[in-house]
Amino acid sequence: MIGRLDQVITLQREARTADGGGGTERLWADLETDPRPFARVELAGGAEVAQGGRTIARQVANFTIRARADLLSSDRILWDGRAWNITGLGARAIRGAYLRIEAVAGELSR
């Protein structure tokens with residue numbers, strides 16, 4: 001499996017900061033621990049969907065990385081110049097050494 005982990009991805013978590021006007025601003029920050037792991041990326045299809053009066057091209061991908069316990073379904077992945085929203089964290093595979101992540105690019109931000 002290690003030979004197939006040939007893409008570098010960036011793992012990010014949402015953070016909120018004061019906007020100076022009494023509200024908050026949403027930002028994305030790299031995870032503190034190993035934010036840029038190697039991954040295997042498998043594109044799994046896509047579709048066009050109508051959302052808010054617009055047509056959005058969505059792409060689904062499966063990312064396989066070394067297993068870790070700090071990822072949340074609200075995190076995201078940066079890969080290939082796009083932000084990928086995590087939609088599923090799969091079970092660990094191959095004796096628990098790897099984690100499969102399903103993610104979607106092209107959706108409106110959460």
Side-chain angles (χ1 to χ4, degrees):
M1 173 62 86
I2 190 64
R4 294 181 176 176
L5 302 181
D6 61 356
Q7 300 292 309
V8 177
I9 63 173
T10 301
L11 300 171
Q12 293 188 320
R13 179 156 296 149
E14 183 179 0
R16 299 263 177 191
T17 185
D19 66 4
T24 60
E25 180 180 359
R26 183 172 88 165
L27 304 171
W28 290 92
D30 294 354
L31 292 185
E32 290 187 23
T33 305
D34 192 19
R36 292 182 180 81
F38 283 90
R40 176 181 182 188
V41 181
E42 300 169 90
L43 297 177
E48 289 186 346
V49 295
Q51 236 177 16
R54 301 178 4 195
T55 300
I56 298 171
R58 292 181 43 191
Q59 176 70 55
V60 177
N62 292 304
F63 296 85
T64 302
I65 62 172
R66 290 196 175 274
R68 56 191 300 155
D70 62 340
L71 282 181
L72 304 173
S73 60
S74 58
D75 293 340
R76 75 177 186 180
I77 295 169
L78 296 182
W79 177 73
D80 194 32
R82 300 170 78 183
W84 297 78
N85 293 321
I86 294 175
T87 57
L89 296 172
R92 293 183 181 196
I94 308 175
R95 295 184 298 266
Y98 298 94
L99 176 67
R100 187 176 178 105
I101 305 163
E102 183 177 281
V104 176
E107 290 187 317
L108 294 175
S109 297
R110 294 183 216 168

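- With rounding to the nearest 0.5 angstrom, the OG1 atom of Thr33 is 7.0 Å from the CZ atom of Arg68.
- A salt bridge between Asp80 and Arg82 is absent, with no side-chain N of the basic residue lying under 4.0 Å from a carboxylate O of the acidic one.
- The shortest heavy-atom contact between Arg76 and Ala83 is NH1-CB, 3.7 Å.
- Of the possible donor and acceptor atoms, one in the side chain of Thr87 sits under 3.5 Å from a partner among the backbone N and O of Glu102.
- Using a 4.0 Å cut-off between a side-chain N of Lys or Arg and a carboxylate O of Asp or Glu, Arg40 and Glu42 qualify as a salt bridge.
- How far CG of Leu78 is from CG of Leu11: 8.5 Å, rounded to the nearest 0.5 Å.
- Contact detail for Ala67 and Gly96: the closest heavy-atom pair is CB-O, 3.2 Å.
- Between Asp75 atom CG and Asn85 atom CG the span is 10.5 Å, to the nearest 0.5 Å.
- In the hydrophobic clustering of this structure, Ile86 groups with Leu99; members are Ile, Leu, Val, Met, Phe, Trp, Tyr whose side-chain heavy atoms approach within less than 4.5 Å, directly or through other members.
- Hydrophobic clustering (side-chain heavy atoms under 4.5 Å, transitive across Ile, Leu, Val, Met, Phe, Trp, Tyr) groups Leu31 together with Ile9.
- The aromatic rings of Trp84 and Trp79 are tilted relative to each other, their planes meeting at an angle between 30° and 60°.
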Scan the side chains in residues 17-24 for donor-acceptor partners under 3.5 Å anywhere in the protein, sequence neighbours excluded, and list what turns up.
residue, atom, partner, partner atom, Å
Asp19, OD1, Gly21, N, 2.8
Asp19, OD1, Gly22, N, 3.4
Asp19, OD1, Gly23, N, 3.0

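- Both Val41 and Leu71 belong to a common hydrophobic cluster when Ile, Leu, Val, Met, Phe, Trp and Tyr are linked at side-chain heavy-atom distances under 4.5 angstrom.
- Side-chain contact between Arg26 and Trp28: present, with at least one pair of heavy atoms (C-beta onward) separated by less than 4.5 Å.
- Phe38 places none of its side-chain heavy atoms less than 4.5 Å from the side chain of Asp6.
- For the 3.5 Å distance criterion, the side chains of Asp30 and Gln12 qualify, holding a donor opposite an acceptor.
- Tyr98 is not listed as a side-chain neighbour of Ile65, based on a closest heavy-atom distance of 4.5 Å or more.
- Ile101 and Leu43 end up in the same hydrophobic cluster when Ile, Leu, Val, Met, Phe, Trp and Tyr side chains are linked at under 4.5 Å.
- Looking at Arg66 and Leu5, their side chains come closer than 4.5 Å, going by heavy atoms from C-beta outward.
- Here the side chains of Glu14 and Leu27 are not in contact, with every heavy-atom distance at 4.5 Å or above.
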